[in-house]
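First the proteins, then the strands, lettered A, B, ... as listed; each starts at 1.
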Amino acid sequence: MLDLKLLRENPDAVRAGAMKKRMPDRAAAVDKALAIDAELRAMLPKLDAMRSEQKNAGKEMGKLGPAEREAVLAKQKERKVELQALEEKEKQLRADLDAQMSLIPNVPDADVPEGKDDTENVEVRRWGAVRDFGCQPKAHYEIGEAQGWLDFNRAAAMAGSRNYVLFGDLALLHDAVLRYAVDLLVARGFTAVDPPLLVRDAAMYGTGFFPGGEEQTYRCEKDGLNLIGTSEVPVTSLHGGEMLAEDQLPKKYVARSACFRREAGTYGKDTRGLYRVHQFQKVEQVIVDVADKARSIQHHHDICKNAEDMLQAFELPYRVVAVCGGDLGVPQAMKYDIETWMPSRGNYGETHSASRFYDYQARRLDLRYRQKDGGKAMWCHTLNNTVVASPRILIPLLENHQQKDGSVRLPPALRPYLGGRESIGKPVF
RNA sequence: GGAGAGGUGGCAGAGUGGCCGAUUGCGUCACCUUGCUAAGGUGAUGUACCGGAAACGGUACCGGGGGUUCGAAUCCCCCCCUCUCCGCCA
């Protein structure tokens, strides 16, 4: 949610922001919101005055004698009818305004590149040399199925497409990367969190996934609950409705959770393998801090570095891209994606997504803090980034570290999590 | 699933129809006093919105939504949440 004042003072910037995100419908919400706001403001002074009159006259009544009382009472009843009509109108306008406001996207920062979709994201930096295999490397699913680590058919039979079963050492590797990610972040001062996976609409709305993301979300209609697509939702919502003290900030959380996505509208896209699946595990970093743009940007770099350090420890080549306007979501002000080299795709594939929101989520979540020394109540700033999402990260791990015989070398960082072994798998090719 | 008790400001906790935007305590801030790891005194201290250059004035908000009433934190209805007891259960 944006500040209504920003909308009034600089509607062009907000409208241009929505257009930069390639969301013309949402840009239209700016004008709708302003029109409703104008109508509301036109009636408010009159409404407030009427209420004031009504209130004062009512108070006086308590002190009046029976005769005068009758006269005032009659007058009051008249006013009441008039007031009720106005209040009905006010209520409607406020509801409409709120609906439009919740559609208006966060304004992308100046450092967000222009562009229509992910093909126009701009590379910021690159790390690691892409390995020359000297032959066609195997895809992760070829290695995984040959090793008996992966089964898509049985998964599809019981759960539908875009599902998988991990077995044996791959299941252990899956757990190892997640555990490594949690340990890394805990060592850097983050607090581990195990959050709810089923949340109310308010949490989806508060983090900006609703309205708009309903089609991507599994919903338990009976209970009015939603399966999270990322632990960003419950973790950012943790302090929703609270008034934090400035010296409690920043809050730095690292959550490991299952994530669920319907992937509606992606039929025929990334159908093979572990890239696009309905259910996965993710370790997510979330920061809640004071309303300071420079600090948000610093955090943004820090959480990117956390993810990059992990990829470097995994010895996986990656690049960081600045996500362009057209590929940016509704609530983000700026986003970096980290893409890891995936030989089977012959390209970098998205494995991480680091976003900063400023106070956009905090306003929706009613997430505030009080400034030190008796200062004002302020909306917090929020950020988040993937540390690791698996099984997607298993794609580059298997493919980049595969050996000729189909076994997979383990980077030293992961060995302690797999009994000290230097590789997994037997010769299969 | 059944029975009961509750949800009030940063926190604790009063308030059962008008004198309540809300006693009081704690916390916080300012000033004063005094000094010896401290204490005491005085005052200020919610959020949002509207009008205003500002001072300030006004309105709304006592879990959420409806209703009764001239008037609701207070009465009625629905929903949500928390706690206790019983049942069931990984």
- Message: Quick test of your reading: applying ring pair (Phe, Tyr, Trp, His ring centres under 6.0 Å), list the pairs with at least one residue in residues 12-39 of chain A, sequence neighbours left out, ordered by first then second residue.
- Response: none
- Spell out, as yes or no, whether a donor-acceptor pair under 3.5 Å connects the side chain of A/S52 to the backbone of A/D48. no
- Task: Pick out which of A/N384, A/D109, A/T382 makes a side-chain hydrogen bond (donor to acceptor under 3.5 Å, both in side chains) with A/R356.
- Result: A/D109
- Item | Atom-pair distance (CD on A/E242; C1' on B/G9), nearest Å | 16 Å
- Quick one: do the A/Q298 and A/D302 side chains pair a donor with an acceptor below 3.5 Å? yes
- For A/L83 and B/A60, give me the distance from atom CG to atom C1', rounded to whole Å. 13 Å
- Item | Ring centroid separation A/H174 to A/Y164 under 6.0 Å | no
- Query: What distance, rounded to whole Å, do you find between the two P atoms, one in B/G6 and one in B/C61?
  - Reply: 24 Å
- Note on the structure: From OH of A/Y369 across to P of B/G10 the rounded distance in Å is 16 Å
- Item | Proximity to RNA chain B (any heavy atom under 4.0 Å), residues of residues 30-44 of chain A only | A/R41, A/L44
- Message: When the C1' atoms of B/G10 and B/C62 are compared, how many Å lie between them, rounded to an integer?
- Response: 16 Å
- Item | Pairwise P distance, B/U24 and B/C76 [rounded to whole Å] | 29 Å
- Item | Any pair counted as salt bridge (charged side-chain N to carboxylate O under 4.0 Å, His left out), so long as it reaches residues 264-290 of chain A, sequence neighbours left out | A/E263-A/R276, A/D270-A/R276, A/D270-A/R345, A/K282-A/E284, A/D289-A/R295
- Item | A/E90 CD to B/C50 P, straight-line distance once rounded to whole Å | 12 Å
- Item | Integer angstrom distance from the C1' of B/G7 to that of B/G15 | 15 Å
- Message: Strictly under 4.0 angstrom, non-hydrogen atoms only: write out the protein contact profile of nucleotides 62-71 of chain B, one letter per nucleotide from the 5' end, B, S or -.
- Response: ----S--BBS
- Message: Roughly how many Å apart are B/C19 and B/G71, using the P atom of each and rounding to a whole number?
- Response: 14 Å
- Query: Looking across every strand, which nucleic acid part, if any, lies under 4.0 Å from A/R368 by heavy atom: base, sugar-phosphate, or nothing?
  - Reply: sugar-phosphate
- Query: Can you list every pair that meets salt bridge (charged side-chain N to carboxylate O under 4.0 Å, His left out) and has a residue in residues 233-254 of chain A, with sequence neighbours left out?
  - Reply: none
- Does the side chain of A/V233 come within less than 4.5 Å of A/M204's, by heavy atoms? yes
Pairs: protein N or O with nucleotides 57-59 of chain B N or O, under 3.5 Å:
| residue | atom | partner | partner atom | Å |
| --- | --- | --- | --- | --- |
| B/G58 | O3' | A/S52 | OG | 3.3 |
| B/G58 | N2 | A/D48 | OD2 | 3.4 |
| B/U59 | OP1 | A/S52 | OG | 3.1 |
| B/U59 | O2' | A/D48 | OD1 | 3.1 |
| B/U59 | O2' | A/R51 | NE | 3.2 |

Distances under 3.5 Å between nitrogen or oxygen atoms of protein and nucleotides 76-80 of chain B:
| residue | atom | partner | partner atom | Å |
| --- | --- | --- | --- | --- |
| B/C80 | O3' | A/R200 | NH2 | 2.6 |

Donor-acceptor pairs under 3.5 angstrom involving side-chain atoms of residues 327-335 of chain A: please list them, not counting sequence neighbours.
| residue | atom | partner | partner atom | Å |
| --- | --- | --- | --- | --- |
| A/D327 | OD2 | A/N121 | ND2 | 3.2 |
| A/Q332 | OE1 | A/G329 | N | 2.9 |

- Message: Any side-chain to backbone donor/acceptor pair from A/R364 onto A/S102? Under 3.5 Å, distance only.
- Response: yes
- Task: Write down the distance between CD (A/Q371) and P (B/G10), rounded to a whole number of angstrom.
- Result: 15 Å
- Item | A/M1 CE - B/C49 P separation (whole Å) | 12 Å
- Task: Look at the rings of A/Y218 and A/H278 and say which category their plane angle falls in: under 30° parallel, 30 to 60° tilted, over 60° perpendicular.
- Result: perpendicular
- Task: Pick the C1' atom in B/A5 and in B/C89, then give their distance to the nearest Å.
- Result: 25 Å
- Could you check A/M243 against A/L4 and say which one's nearest nucleotide on RNA chain B is further toward the 5' end? A/M243
- Query: What ring pair (Phe, Tyr, Trp, His ring centres under 6.0 Å) pairs are there with at least one residue in residues 284-312 of chain A, not counting sequence neighbours?
  - Reply: A/H300-A/Y336
- B/C81 and B/C31, which share atom name C1', separated by this distance in whole Å: 43 Å
- Query: Stem ranges for RNA chain B, with three or more consecutive Watson-Crick or G-U pairs under 3.5 Å?
  - Reply: B:1-7 with B:80-86, B:10-12 with B:24-26, B:27-32 with B:40-45, B:46-51 with B:56-61, B:63-67 with B:75-79
- Task: Would you please name every residue forming a side-chain hydrogen bond (donor to acceptor under 3.5 Å, both in side chains) with A/E142, sequence neighbours left out?
- Result: none
- Message: Treating A/D337 as the side-chain partner and A/V323 as the backbone partner, does any N or O pair qualify as donor plus acceptor under 3.5 Å?
- Response: no
- Query: When rounded to the nearest Å, what value does the distance between P atoms of B/U33 and B/G27 take?
  - Reply: 22 Å
- Message: One pair to check against side-chain contact (heavy atoms from CB on, under 4.5 Å): A/N106 and A/Q361. What are the steps and the verdict?
- Response: CA-CA 9 Å; A/N106 200 358; A/Q361 290 183 322; over 6 Å; no
- Item | Whole angstrom value for the distance that separates P of B/A48 from CE of A/M378 | 10 Å
- Polar contact flag, side-chain donor to acceptor under 3.5 angstrom, A/Q248-A/Y369: no
- Message: Enumerate the salt bridge (charged side-chain N to carboxylate O under 4.0 Å, His left out) contacts for residues 157-166 of chain A, please, sequence neighbours excluded, ordered by first and then second residue.
- Response: none
